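Right, one structure below, let's go through it.
Chain naming here is simple, since letters A, B, ... match the order of the sequence lines and numbering starts at 1 in each. This structure is a prediction, so every number in the text was calculated from the model and none was measured.
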Number of protein chains: 2
Amino acid sequence: MKNHRNEHTRERILDEAEALFALKGYHAVSVREITGAAQCNLAAVNYHFGNKQKLYLEVYRQRWLPRAERVHQSFQDSLKSEQAPSAGTVVQSLARAFLEGPLSDEERNRHLRLVVGELSQPTEAFDQVIERVFRPLLGSLISDLRAAMPADMDQEQAVLNAFSIMAMVLYFNLARPVIKAVLGATDGSDLQTRLIDHLVEFSLNGIAGGKWETGK
Amino acid sequence: MKNHRNEHTRERILDEAEALFALKGYHAVSVREITGAAQCNLAAVNYHFGNKQKLYLEVYRQRWLPRAERVHQSFQDSLKSEQAPSAGTVVQSLARAFLEGPLSDEERNRHLRLVVGELSQPTEAFDQVIERVFRPLLGSLISDLRAAMPADMDQEQAVLNAFSIMAMVLYFNLARPVIKAVLGATDGSDLQTRLIDHLVEFSLNGIAGGKWETGK
DNA sequence: GTCTATAGCAGGATAGAC
DNA sequence: GTCTATCCTGCTATAGAC
């Protein structure tokens, strides 16, 4: 009975499993590695979750989903304070919710890597990700965007705009090392902030097509 | 000696390995699966490539790299025909090189999935991908963009613009199923073309910041 | 709920015949 | 170059003591 650690074994397993799955992907991580990191016994995974696959699904259900909802909430909260948010505000709120919102750097990295994993190699968690998170988030984003520029943006345009923004959010996180490498030693200062600024300006102009002013 | 198939075993293994690695990722594919698909013996992988890891690297060297160079070439060729290409032409050439250029749909899907794999879970192939393909391509793109709008775009801006375009190219391929799901049964017609149009317009506006005209 | 011990198996790799 | 046969490691999963 080595278990005098503050957190319960089950929770520690979820934490370590999430970190490892995000870092290496499902198949590259062994149950031994997870239980080793969680400092518990090999058998604990089967006891608490049944098997490795079910552990993975629980990571999504109990760690990833709530966090995704926090991000969505943060996005909506920062919009609720305004009555008729401009497109600029909408895009900025979204970018901030993802890139500097309620998540720590480490959490955000885990979170986005996991979703990229599901996008590129879908498992049983895929449907959850799409239906319970992606679709609602895109729904919010699209309706907010359309409200901000009611004139001549049809549904498909709005969807594609939303996807383009998500593309940058995901990619700027995933390719951070590459971006750093290419930009060279120029950084040191807050690359993160400059990325957000760029993302907001780029996508705002992308959406607006030069037709609306950013109010910048 | 079952080998009366047109292609040499070594080549068939490379083909099938690439398809499987792209589809499922390195760790999710077994050597048995590869040799099964290539209709050859299990031992053939070790005979021809040494081990699984070296096979994976050969897939990059002998299949992925040349294809990446074809795409880059296609991008540059379509620009060479013009003397002072506008930013719109540059972006459109890039998008077309990737999304409807020299690659078939299947090839393109493989190609982009493999690179996303390396981005999200780097292996020994990562450096090759960055140094021999990514950096040169970004270099071309950046210098073309800066030539097209010499006024006030600094190096970092150009880099971030280039990354934003690449983000959309990669993501629009990866998330194609999601996009289809969200857009619903609206498609049928050529989604591909509409995606390219959107990508070009979005990123052109994103780059130009409303300051340049697209000439559209 | 946590542990030890082990069953049972799949995967990578090799030796050696052809 | 290709095949068969086999080794052996490392994995998931389970049974059962505590």
Distance test, side-chain N/O of B:His48 to OP1/OP2 of D:dT2, below 4.0 Å: yes
Whole-Å distance separating the CD1 atom of A:Ile34 from the P atom of D:dC11: 11 Å
Exercise: do A:Arg176 and A:Gln192 side chains pair donor with acceptor under 3.5 Å: yes
Below 3.5 Å between N/O atoms, which protein atoms pair up with nucleotides 13-18 of chain C? Just atom names and distances, please.
| unit_1 | atom_1 | unit_2 | atom_2 | d |
| --- | --- | --- | --- | --- |
| C:dA13 | OP2 | B:Lys52 | N | 3.0 |

Partners meeting ring-ring contact (aromatic ring centres under 6.0 Å, His included) with B:Phe134 (sequence neighbours left out): none
Sequence-distant partners of A:Glu11, salt bridge (charged side-chain N to carboxylate O under 4.0 Å, His left out), two or more places apart: A:Arg63
Qualifying residues under salt bridge (charged side-chain N to carboxylate O under 4.0 Å, His left out), relative to A:Asp144, sequence neighbours excluded: none
For atom NZ of B:Lys54 and atom P of C:dG12, their distance in whole Å: 16 Å
Residues in salt bridge (charged side-chain N to carboxylate O under 4.0 Å, His left out) contact with A:Lys52, at least two apart in sequence or another chain: none
Distance in angstrom units between A:His27 NE2 and D:dC11 C1', rounded: 14 Å
C:dT2 OP1/OP2 closer than 4.0 Å to side-chain N/O of A:Thr9: yes
Separation of atom CG in B:Leu55 from atom C1' in C:dG12, rounded to whole Å: 12 Å
side-chain hydrogen bond (donor to acceptor under 3.5 Å, both in side chains) partners of residues 41-51 of chain B, not counting sequence neighbours, each pair once: none
Interatomic distance where CZ belongs to A:Arg12 and C1' belongs to C:dT2 [whole Å]: 11 Å
